[in-house]
**Q** 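One structure, as structure tokens, below. Some questions next.
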Amino acid sequence: MEDTRPLLLEVEDLKTYMFLDEGTVHAVDGASFSVRRGETLGIVGESGCGKSITARSIMRIVRKPGKIVNGKILWHRTPPSPGNLGQTLDLTTLPEQGEEMRNIRGGEIAMVFQEPMSSLSPVHTIGNQIMEVIMLHQKVSKQEAREKTLLMLNQVGMPQPSRIIDRYPHQLSGGMRQRAMIAMALSCHPDLLIADEPTTALDVTTEAQILSLMRRLQEELGMAIMFITHNLGVVAQMTERVIVMYMGRVVEDASVDDLFYDPKHPYTQALLRSIPRMGSKALGEHTRLASIKGTVPDPFNLPKGCPFHPRCEHAMPGICNVIDPGVTQVGPNHTTRCHLYGDPSQVIPLESKTPASSVA
Amino acid sequence: MAKYILKRILYMIPTLFVISIISFAIIQLPPGDFLTSYVATLRQQGEDIDATAIKALEEQYGLNQPIYVQYGKWMRNILLYGDFGLSFEWRRPVKDLIWERIGLTVFISLLTILVTWIISIPAAVYVATHQYSFLDYLISFISFVGLGTPGFLIALVYLWIMLSVFGVNAAGLFSEQYINAPWNWDKIVDMMSRIWAPVLILALDNTAGIIRTVRANLLDELNKPYVETARAKGLKERILIWKYPVRVALNPFFSTVGWTLAALVSGETLVAVVLNIQTSGPLLLRALTSQDMYLAGAFVLLLSALTVLGTLISDILLAIADPRIRLEG
């Protein structure tokens with residue numbers, strides 16, 4: 001089924017490197033994906049795979065020594081309509097501190113962070129922090145901003161918004177703080193909400209509440225969501241499409257059904273095998289939970305070829321450890337970066353260090 | 001809040017009582033008293049003084065009584081009449097002596113504190129947000145020198161340079177012709193043209209300390225997630241830095257700001273002595289060295305009271321600045 005929703009965000013061959021004294025870390029190393037308007041995209045991967053840096057690159061808030069060194073981040077500000085091509089900006093070309101980028105940041109693309117404990121200022125009230133973003137992006141008086149804040153707090157299901165608005169973060173529970181964070185992010189009705197592990201720090205009950213809140217808000221407000229998580233259960237619940245990241249690159253891009261029922265990349269397959277299943281013991285299945293062998297490679301010393309090959313069960317010597325696999329179409333709206341699904345001699349290596357023709 | 005403040009003020013009473021005993025005891029600790037040294041000076045000058053005269057003086061100043069009686073009298077006069085006793089050396093009421101100098105002292109101290117903050121806080125914010133830049137190294141270098149060099153030494157170097165290079169005697173707050181002149185506009189202008197040097201020298205010491213503390217705190221705060229949240233809102237970098245991390249990084253500063261109250265009165269004694277500034281610091285120093293018991297006692301008591309009061313002010317400021325601080329207890 002072809003998705004007809006207009007594109008909202010296209011990330012093309014994004015590379016964000018960290019220039020450290022010990023060497024350069026390729027935190028995001030040629031990631032490409034897109035988000036459509038109103039879509040929920042999941043980004044999964046182990047810690048350190050570049051999920052968060054990708055999000056910060058889109059927001060243009062990568063801190064030194066990190067820097068975007070390559071790629072495009074196309075932001076389709078207004079969708080094309082008959083007689084109108086729409087407006088598209090390449091966010092990587094905008095000055096980080098420029099007015100345009102600041103308007104997009106917080107106004108058109110908003111972000112919810114992982115730790116509701118520490119992501120809110122401890123010395124300002126909830127109301128102060130939410131009103132600030134409203135007054136920054138909309139021309140409203142303080143009184144109007146306060147009213148909008150109350151409405152927003154109400155919308156995220158905050159109990160007693162008129163009391164909470166003057167409270168400080170430390171006076172609220174973790175779940176309430178995350179609701180406040182979500183209210184803050186959504187208060188300017190962004191087109192894209194980037195949620196960076198928004199429920200990782202919460203207990204399971206609160207997590208379920210926050211997830212259902214986010215689903216409800218998406219129905220009401222219609223924004224697209226980029227849901228960054230390492231929890232595949234959350235992915236299954238929340239998203240339509242998923243990208244799997246490994247060592248700063250997208251190794252698989254599929255609809256959520258395809259990803260769970262027909263995973264192609266060995267890394268995705270291994271990830272799925274590592275989810276504990278309820279009742280697997282009773283069914284007499286293997287009782288030891290599978291794990292991915294080996295560890296994430298040293299970021300300063302990346303393996304040659306496919307970065308996953310040292311851990312891969314299907315690694316093909318002479319190919320996987322030599323040629324970096326390109327993107328292969330493995331189904332409708334389903335791509336992966338793995339030599340198992342493409343003829344390696346046909347693959348154009350993304351980095352032309354090793355020309356494909358030299359491998360017989 | 002009101003209840004908390006009231007409670008704290010009530011706690012101050014026993015604290016001050018204990019302090020008054022301790023300060024009186026400290027003043028009495030060195031062997032001998034003012035009279036012994038006074039008599040010794042007289043004898044040195046060849047004037048003989050007989051035992052009856054000494055006895056009479058002892059009587060007059062109450063020095064023949066037991067210490068606790070002296071203390072009791074001292075406290076009673078302070079509490080009932082606001083009378084801090086008589087300075088032996090100056091033969092004048094202690095109250096008048098201190099009062100005379102307090103205006104200039106407070107003026108210089110307030111100016112110093114203001115200059116300290118105006119220099120140190122923006123400098124600290126700059127070096128923290130531009131870590132490892134050239135200016136960071138430069139300011140850090142200067143502030144380490146400032147930390148390591150006592151103010152009186154800088155004052156001496158300043159006097160020497162002014163005298164040897166410019167041939168100017170930079171000591172004192174007034175040019176010669178104004179020293180004994182009554183206050184008028186010209187005298188004020190003259191003072192203002194000279195006051196910046198002692199103020200800058202005095203400020204340098206604290207500036208260095210505040211820069212180091214605020215820089216270290218701010219470097220911690222800058223990496224906190226709430227700063228990233230603020231950044232993700234689309235705030236301008238400078239606005240968000242001052243509103244969020246600086247605000248939190250200044251908390252330790254608020255918690256010590258009350259102590260400057262005592263410094264207002266004691267001043268930087270050594271610098272004031274070197275620069276010959278007629279503030280209360282040199283007076284205190286002199287009272288201590290000449291065992292001018294009631295003058296010194298009044299100072300110690302005043303300084304302690306201001307420290308206690310300053311701590312309370314700090315606590316209140318901190319409670320206002322950081323809502324996480326609880327006021328119970």
Side-chain angles (χ1 to χ4, degrees), chain A residues 21 52 55-56 58-65 96-125 128-137 166-171 177 180-181 184-185 187-188 190 193-194 196 201, chain B residues 1 121 125-136 214 217-255 257 314-328:
Chain A
D21 291 340
S52 293
R56 281 155 182 79
I58 295 169
M59 294 290 277
R60 296 298 313 279
I61 53 170
V62 176
R63 293 276 286 161
K64 274 180 189 174
E96 227 168 78
Q97 285 297 318
E99 196 182 343
E100 190 128 55
M101 195 59 232
R102 277 189 284 109
N103 286 337
I104 292 172
R105 199 186 291 145
E108 296 170 32
I109 308 177
M111 197 157 167
V112 173
F113 293 90
Q114 181 172 358
E115 297 258 340
M117 308 289 172
S118 48
S119 294
L120 289 164
S121 161
V123 296
H124 295 87
T125 60
N128 179 317
Q129 297 183 57
I130 300 179
M131 282 158 65
E132 179 182 47
V133 67
I134 295 176
M135 290 196 294
L136 197 64
H137 294 287
D166 293 317
R167 290 285 171 85
Y168 291 93
H170 70 274
Q171 295 169 311
R177 277 180 233 181
M181 274 296 287
M184 190 159 84
S187 58
C188 291
L193 175 70
I194 301 176
D196 187 2
Chain B
M1 187 82 160
I121 293 173
V125 173
Y126 182 88
V127 294
T129 50
H130 297 77
Q131 200 186 2
Y132 306 135
S133 67
F134 173 71
L135 265 178
D136 179 25
V214 174
N217 284 332
L218 193 53
L219 281 176
D220 283 347
E221 293 301 324
L222 282 175
N223 292 321
K224 294 274 172 78
Y226 68 84
V227 182
E228 192 165 49
T229 307
R231 202 169 279 130
K233 283 175 175 178
L235 280 171
K236 281 187 186 162
E237 192 71 9
R238 191 183 327 148
I239 294 176
L240 78 89
I241 296 258
W242 280 92
K243 179 171 176 184
Y244 294 101
V246 171
R247 170 78 192 276
V248 179
L250 283 182
N251 277 353
F253 165 79
F254 283 122
S255 64
V257 76
S314 265
D315 287 354
I316 293 170
L317 277 179
L318 196 58
I320 294 169
D322 191 339
R324 289 169 296 180
I325 306 234
R326 291 175 191 217
L327 295 178
E328 290 102 42

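In what follows, chains are A, B, ... by sequence order, proteins preceding strands, each numbered from 1.
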**Q** Name the member of A/Ala110, A/Gly107, A/Gly106 that forms the most heavy-atom pairs with chain B at distances under 4.5 Å.
**A**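 Maximum pair count with chain B is reached by A/Gly106.
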**Q** If I measure from the heavy atoms of chain B, does A/Arg56 come under 4.5 Å with its side chain, its backbone, both, or neither?
**A** side chain
**Q** Is B/Ala321 in contact with chain A via its backbone, its side chain, both, or neither, using a 4.5 Å heavy-atom distance?
**A** backbone
**Q** When you measure from the side chain of A/His137 to the backbone of A/Arg105, do you find a donor-acceptor pair of N or O atoms at a distance under 3.5 Å?
**A**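 Yes; judged by distance alone, with no hydrogens or angles, the pair exists.
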**Q** Tell me if a side-chain donor or acceptor on A/Arg177 pairs with a main-chain N or O of A/Ser118 at a distance below 3.5 Å.
**A** no
**Q** Does a sphere of radius 6.0 Å around CD in A/Gln97 hold more than 12 heavy atoms from other residues, nucleotides or ligands, not counting ones at 6.0 Å or beyond?
**A** yes
**Q** Check whether any side-chain N or O of A/Gln129 sits under 3.5 Å from a backbone N or O of A/Met184 as a donor-acceptor pair, and report yes or no.
**A**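 Such a contact is absent between A/Gln129 side chain and A/Met184 backbone.
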**Q** Check whether any side-chain heavy atom of B/Arg324 sits under 4.5 Å from a side-chain heavy atom of B/Asn251, and report yes or no.
**A** yes
**Q** Which heavy atom of B/Leu218 sits nearest a heavy atom of B/Val125, and at what distance?
**A** CD2-CA, 3.7 Å
**Q** Which heavy atom in A/Ser119 sits nearest to a heavy atom in B/Thr229, and how many Å separate them?
**A** O-OG1, 2.6 Å
**Q** Is there a donor-acceptor contact under 3.5 Å from the side chain of B/Ser314 to the main chain of B/Phe254?
**A** yes
**Q** Which one, A/Arg60, A/Gln171, A/His124, A/Lys64, leads in non-hydrogen pairs under 4.5 Å with chain B?
**A**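 Max contact count across the listed options: A/His124.
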**Q** Hey, can you pull the donor-acceptor pairs under 3.5 Å for the side chains in residues 238-246 of chain B, sequence neighbours left out?
**A**
unit_1   : atom_1 : unit_2   : atom_2 : d
B/Lys243 : NZ     : A/Asn128 : OD1    : 2.8
B/Lys243 : NZ     : A/Glu132 : OE2    : 3.1
B/Tyr244 : OH     : A/Glu132 : OE1    : 2.4
B/Tyr244 : OH     : A/Glu132 : OE2    : 3.4
B/Tyr244 : OH     : B/Lys233 : NZ     : 3.3

**Q** For chain A, which residues of residues 127-134 of chain B have at least one non-hydrogen atom nearer than 4.5 Å to it?
**A** none
**Q** Which answer fits B/Arg231, side chain, backbone, both or neither, if we ask what part of it has an atom under 4.5 Å from a heavy atom of chain A?
**A**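 Both parts, backbone and side chain.
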**Q** Report which part of A/Leu120 has an atom under 4.5 Å of a heavy atom belonging to chain B: side chain, backbone, both, or neither.
**A**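 Looking at A/Leu120, just its backbone touches chain B.
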**Q** By a 4.5 Å heavy-atom criterion (distance strictly below it), what part of A/Met181 contacts chain B: side chain, backbone, both, or neither?
**A** side chain
